Amino acid sequence: MSTSTLNTSANVPAVAWQRLREVPLLPAVAAAVVLFFVVAALAPHLLTSRDPFAIDLPNALQAPSLAHPFGTDQSGRDLYTRVVYGTRESLLIGLGATGLSMAIAVVLGVVSGLGGKIFDGLINRSLEVLFAFPVLLLAMLFVTVYGPSVTTQIVAVGLGTAPGYARMIRGQVLAVKNSGYVEAAHALGHSRWTVLRQHVFPNAMRPLVAVVTLGIGQSIVWASGLAFLGLGVAPPSPEWGALLDAGRMFITRAWWLEVMPGLAIVAIALAATVLGHHLQKKLEGARS
Amino acid sequence: MTATLEHTAITGTLRQELLKVRNLNVSFSTGRGRDARLTHVVKDVDLRLAAGECLAIVGESGSGKSVTARTLVGLPGANASVQAERLELAGHRIGTLGERQWRRLRGKDIGFVLQDALVSLDPLRPVGKEIEEALRLHGWGTTRSRAARAVELLASVGVPQPELRAGQRPDELSGGLRQRALIASAIALDPKILIADEPTTALDVTVQAQILELLGRMKERGTGIVLISHDLSVVATLADHVAVMQGGAIVEQGPARQVLYHPQHDYTRALLDAIPSEHTKGTPLSKDGRARITATSRRPRTTRPADAPVLRAEGLVKSYQGHDGVVRTVVDGVSFELRAGETLGIVGESGSGKSTTAKMALAMLEPDAGRVLLDGAAWTGISTAARRSRRRSVTVVYQDPLSSFDPRWNAERILLDALARQDYPGEAERAAQVRELAGQVGLQVEHLAKHPLQLSGGQRQRLAIARALAPEPEVIVLDEAVSALDVSVQAQVLDLLTDLQQELGLSYLFISHDLGVIHHMSDRVLVMKDGRAVEQGSAEDVFNHPRHPYTRELLASLPQLGLAPGQRNPPAAAGTPTTEGAHS
Amino acid sequence: MSTLKHNTGLLLQDPAHDGGASAAGGGTGGAANHPGRRRPRPNNLLTSPGLRRAGGRLLTAVGVVWAAATFTFLIQALLPGDRATLLLNQLAGQVQQRTAAELAPINAKYGFDDPLIAQYFRFLGDLATGNLGVSYQLHKPVTEVIGDQVGPTIGLTFASLLVAWLISAVVIAGTARRSRMVSSVASGLEAVAAGLPQYWLGVILLVVFALNLGWFPVVGGTGLDGLVLPALTLGIPLAGFLGQVTRTEFEKGMDQPFALSARMRGMGDIGVRLRHVLRHSVLPGVTLSGWALGSLFSGAVIAESIFSRPGLGKVLVTAVNSRDLPVVCGIVILIAAIYVLANLLVDIAYTLIDPRLKNS
């Protein structure tokens with residue numbers, strides 16, 4: 001992470017190639033997986049020539065084959081195409097939920113970490129209570145009240161995962177606030193605001209890059225978990241959770257209807273985990 | 001390599017040889033794939049030890065002394081490869097032992113004592129259980145007899161109320177008691193050799209003296225002791241032979257008297273010269289060139305009448321309430337004066353309240369009672385805003401510089417941040433001043449681009465000093481600022497501090513547990529115990545004519561070259577060179 | 001389940017707490033070494049630290065349940081739309097506007113017209129006497145609905161926790177700080193396991209072991225053979241999660257001087273792992289178990305749905321789908337109570353494993 005100001009190398013392509021060779025295999029694979037899904041989300045037609053809604057009843061419930069790598073569903077629709085076309089909505093749900101939970105968590109965590117005893121006690125107690133509601137349960141409670149929809153799914157997962165992140169950020173803020181370098185900055189006579197801006201915020205928020213990466217994968221998992229229980233987007237949609245929900249009743253006859261969309265979720269969740277850990281390691285490496 | 005082995009030939013014929021090591025080499029393989037490399041950590045080491053003797057292996061961090069010691073019990077560490085022409089220990093050829101045979105040897109023929117008993121004994125178990133475990137592993141006795149034996153052992157290493165202590169965990173015992181318990185677990189089966197790796201480093205000096213005495217008694221009973229230490233004066237009280245290691249090799253080895261008082265090798269001499277003490281006062285400890293220091297003050301210095309204190313503390317009191325609801329008074333009625341250009345040393349053992357006092361002097365902590373005055377004006381008890389403009393007058397250097405630097409910043413950024421904006425309005429001016437500061441503390445320009453992590457311990461502490469200098473302070477609080485450094489690096493940093501003080505007229509509030517360092521640096525000294533200032537006066541008075549019994553106890557416990565603890569003023573034996581003699 | 005994966009360190013070491021401790025400890029150093037001059041408070045039974053802490057814990061526990069209950073009450077009371085309308089529509093199975101005449105008896109029966117505060121106190125009073133209200137859908141007391149179905153779910157939850165602990169403890173003690181290959185493969189597997197969605201794992205287990213191999217029943221009864229796959233479904237991801245936390249701690253333990261000390265008194269590698277290090281490394285996992293139990297309880301919904309197991313899961317999904325709020329809220333309160341109870345047990349387990357905490 002060191003950016004050496006004196007060492008501005010002239011040979012940029014050679015340096016870039018050197019950098020590339022240093023990238024470990026696993027994060028590279030993970031990045032490729034993420035890239036695939038990003039393409040699928042932005043331009044699904046590049047990855048498949050079929051129509052996700054084209055019904056082809058004679059070919060219903062075909063097992064995976066060369067023609068249909070993920071098999072077909074009960075209406076003969078190509079499952080691979082549906083997974084590709086479902087990427088956009090699934091990723092948006094994941095991003096939205098993560099964004100929401102991070103926004104809540106940053107506010108709560110920072111206020112709690114910096115707001116003094118009263119705020120800290122209040123927020124900490126509230127978080128303690130929220131921890132008594134497991135993510136899935138909080139999400140289900142929310143769906144009960146507002147009924148299933150994409151928005152509900154995003155908000156439900158966002159709210160459900162926020163307490164964990166809030167507590168993490170609070171811990172981070174407190175750790176930085178009590179660190180030697182913040183004390184040193186105060187000893188130099190910097191104002192409270194300068195110290196917050198120069199040290200506390202950047203250092204407390206730095207690990208969030210890794211956490212957000214991990215979080216997107218997890219949000220997709222939670223959201224599709226809701227959908228799997230029939231509490232998400234309604235089935236004709238190719239959203240991954242909806243695919244799972246639709247495939248559930250055929251589970252004894254057509255395993256691929258569950259396994260293949262699940263594979264996409266697992267792939268993106270694992271890729272996010274690998275990338276997140278990789279980032280975390282790099283950030284930690286720069287510290288200790 | 002000037003390893004001379006003749007001395008062991010003389011003494012070795014009289015006593016049983018316990019340890020014979022010839023040409024020991026240890027290397028570690030690190031990294032993998034293209035990065036794989038082999039690091040030689042121990043090179044061609046020869047060692048010998050006879051029963052009832054103590055062999056000290058001395059060196060600074062990274063010298064390979066600990067790896068050498070661990071290799072002797074077959075635990076050099078992961079990915080190590082060990083080669084030796086000869087490796088004999090208590091009559092066993094240990095070069096070819098398998099793990100099972102090693103386990104029979106460890107704890108039975110060789111005992112090993114590590115540094116800090118708080119973590120070297122299992123923190124979750126009573127110490128008695130750890131001693132019983134040593135017995136059990138070698139099939140000694142029954143459950144009941146082992147428990148009884150553990151109590152006996154505790155008693156034998158001088159633990160009072162051994163029955164009670166056996167049932168307590170390390171965190172429930174004082175530092176001295178748990179170190180004794182650790183030793184008891186190592187000598188449970190009366191091993192012929194005891195290897196002690198920095199056994200007193202984590203301890204206060206009074207406790208250290210007791211532990212050294214205990215080891216001395218074991219030596220008299222015929223145990224061979226291998227003492228690993230970074231501290232030559234600790235070694236001097238116990239060792240019969242000394243081996244000095246540097247960079248994995250033994251640079252000098254011989255009878256303690258010879259190595260400590262007639263050192264042949266330059267490195268040994270430099271190490272001995274680097275030890276700060278009464279005798280080194282006013283002389284440089286290292287052979288480095290003096291720092292290039294020019295006073296470039298942008299501010300007129302505060303003019304004050306001669307002898308007026310810069311910093312003055314009056315009756316400071318600070319208490320904390322623990323989680324158990326018990327209120328502890330950490331600092332209790334401490335007063336002092338720090339005059340311009342002077343060094344006030346605050347010395348005390350752990351828990352004496354010296355660091356809390358430092359924090360109040362820095363006004364980072366408000367005293368419960370009493371006050372601090374800076375240049376005669378209130379420094380504590382005022383608002384943060386009122387203090388901010390004067391913050392630059394009092395700066396600080398901590399023991400652990402790394403944690404006091406923002407991990408995102410490089411050295412240059414750290415120093416830029418510490419400069420007073422109003423004094424250096426221009427970008428170029430600031431950059432020039434940063435280089436100036438780096439030069440003053442002996443850092444190179446290329447160091448400025450580096451992050452603290454990429455700097456060595458000494459360089460980090462120099463950077464911390466440069467940061468403390470940047471606002472052009474009048475007072476620098478040095479809170480154990482050299483305690484974590486190797487002695488040769490410590491010597492350089494102390495010399496640097498002395499030079500800076502002379503050139504810039506700084507006042508130091510110098511906090512340390514190390515009496516030698518305090519004596520070397522201080523004009524006046526404040527001795528703290530349990531939150532109180534028990535004695536205060538000129539360094540000369542406090543060290544040479546201590547009035548308070550605690551000061552006397554401290555001084556008596558201080559191991560010095562050539563003096564066993566407890567004998568401050570031995571009769572000068574004819575032909576015994578003094579430390580000064582060795583230096584000249 | 002894995003949202004807390006990366007926060008555990010922070011969950012366990014509350015820096016505020018640590019900061020306070022070190023501020024106080026900074027001066028006193030080793031408290032055992034230099035007790036300083038203490039000014040002890042009168043140490044009678046009521047103020048003894050142990051009892052005070054136990055009292056504090058209990059109070060917190062009650063507080064959490066009360067807050068959770070209040071939360072569910074507010075959700076029910078402030079629900080968008082009229083509650084009586086919702087109820088009637090549910091009874092009739094259709095959505096339409098209702099007339100005031102239709103709504104009046106419902107409002108009277110459930111007390112929806114009372115001031116909110118009165119409803120709240122009635123709700124708390126009912127809760128204290130074990131009355132969680134009446135299901136909109138089933139017209140049975142919620143306690144009865146839950147009581148009928150809670151048994152198998154509790155069984156599944158504990159079985160899953162047990163499975164998770166067994167798997168992670170064995171894997172950790174066997175592989176941590178071994179050769180680079182072994183430990184990185186194992187920690188890779190843990191990361192994969194922790195990231196596996198339960199529903200997907202469950203489906204795979206069902207397809208492979210029940211449908212294809214026929215080792216276990218497809219439709220799980222309440223018998224032991226019906227418990228295996230659901231318990232693995234919930235237990236494997238949790239094992240991965242626990243494993244990640246425990247491994248870090250285990251590796252830290254292996255690097256501690258006391259592990260080296262034990263080797264140096266003649267103990268073998270396996271002895272050090274099992275007798276010394278394992279005990280240290282389970283602490284964060286134990287802390288997590290309280291939280292995990294609550295999480296497993298809701299995760300049971302998924303496992304029960306896949307394996308067609310009887311249990312609270314089915315009740316919950318049906319209730320969420322039909323917006324049967326009293327039942328959903330009842331289950332939420334139950335799970336909060338279980339969470340709280342589990343954490344009290346965790347506290348006890350914790351002081352048994354790490355007696356240092358008793359006096360701190």
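Heavy-atom basis, side chains included; hydrogens, waters and symmetry copies ignored. Quick caveat, the model's predicted, so the values are computed rather than measured.
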**Prompt:** Can you tell which of A/L263, A/L130, A/I220 has the highest number of heavy-atom pairs within less than 4.5 Å of chain C?
**Reply:** A/L263

**Prompt:** When you check the side-chain N and O atoms of C/T60 and A/R125, is any donor under 3.5 Å from an acceptor?
**Reply:** no

**Item:** Atom of A/A269, atom of C/G195 and distance for their closest heavy-atom approach
**Value:** CB-O, 4.3 Å

**Message:** Is A/S224 in contact with chain C via its backbone, its side chain, both, or neither, using a 4.5 Å heavy-atom distance?
**Reply:** both

**Request:** Name the region of C/V301, side chain, backbone, both or neither, that has any atom closer than 4.5 Å to a heavy atom of chain A.
**Result:** both

**Request:** Determine the option with the most heavy-atom pairs under 4.5 angstrom with chain A, choosing from C/V207, C/V64, C/V203.
**Result:** C/V203

**Prompt:** Who pairs with C/F297 by ring-ring contact (aromatic ring centres under 6.0 Å, His included), at least two apart in sequence or on another chain?
**Reply:** none

**Message:** Give me the atom names and distance for the closest heavy-atom approach of C/P197 to A/I265.
**Reply:** CG-CG2, 4.1 Å

**Message:** Run A/M140 and C/V317 through side chain to side chain contact (heavy atoms under 4.5 Å, CB included) and show every step you take.
**Reply:** CA-CA 8 Å; A/M140 285 171 89; C/V317 174; 4.2 Å; yes

**Prompt:** Given side chains that start at C-beta, do those of A/L137 and C/L316 come closer than 4.5 Å, heavy atoms only?
**Reply:** yes

**Request:** Kindly indicate, with the supporting measurements, whether the criterion side chain to side chain contact (heavy atoms under 4.5 Å, CB included) is fulfilled by C/C329 and A/L141.
**Result:** CA-CA 8 Å; C/C329 289; A/L141 189 62; 4.3 Å; yes

**Asked** Got A/L229 and C/Y199 here, is their nearest side-chain heavy-atom distance under 4.5 Å?
**Response** no

**Message:** Does C/L213 have more than 12 heavy atoms from other residues, nucleotides or ligands lying within 6.0 Å of its CG?
**Reply:** yes

**Message:** Can you tell me which portion of C/I204 sits under 4.5 Å from chain A's heavy atoms? Options are side chain, backbone, both or neither.
**Reply:** side chain

**Item:** side chain to side chain contact (heavy atoms under 4.5 Å, CB included) evaluation trace for C/W200 with A/F228
**Value:** CA-CA 10 Å; C/W200 194 66; A/F228 175 81; over 6 Å; no

**Message:** Test of understanding: with ring-ring contact (aromatic ring centres under 6.0 Å, His included), list the residues that count as partners of C/Y339, not counting sequence neighbours.
**Reply:** none

**Request:** Please look at A/L26 and chain C and tell me whether the side chain, the backbone, both or neither of the residue comes under 4.5 angstrom of a heavy atom of that chain.
**Result:** neither

**Item:** Side chain / backbone / both / neither for C/L206 at chain A, heavy atoms under 4.5 Å
**Value:** side chain

**Complete:** When rounded to the nearest 0.5 Å, the distance separating CG of C/N343 from CZ of A/F131 is 10.5 Å

**Closest non-hydrogen atom pair between A/A132 and C/I335, with its separation** = O-CG2, 4.2 Å

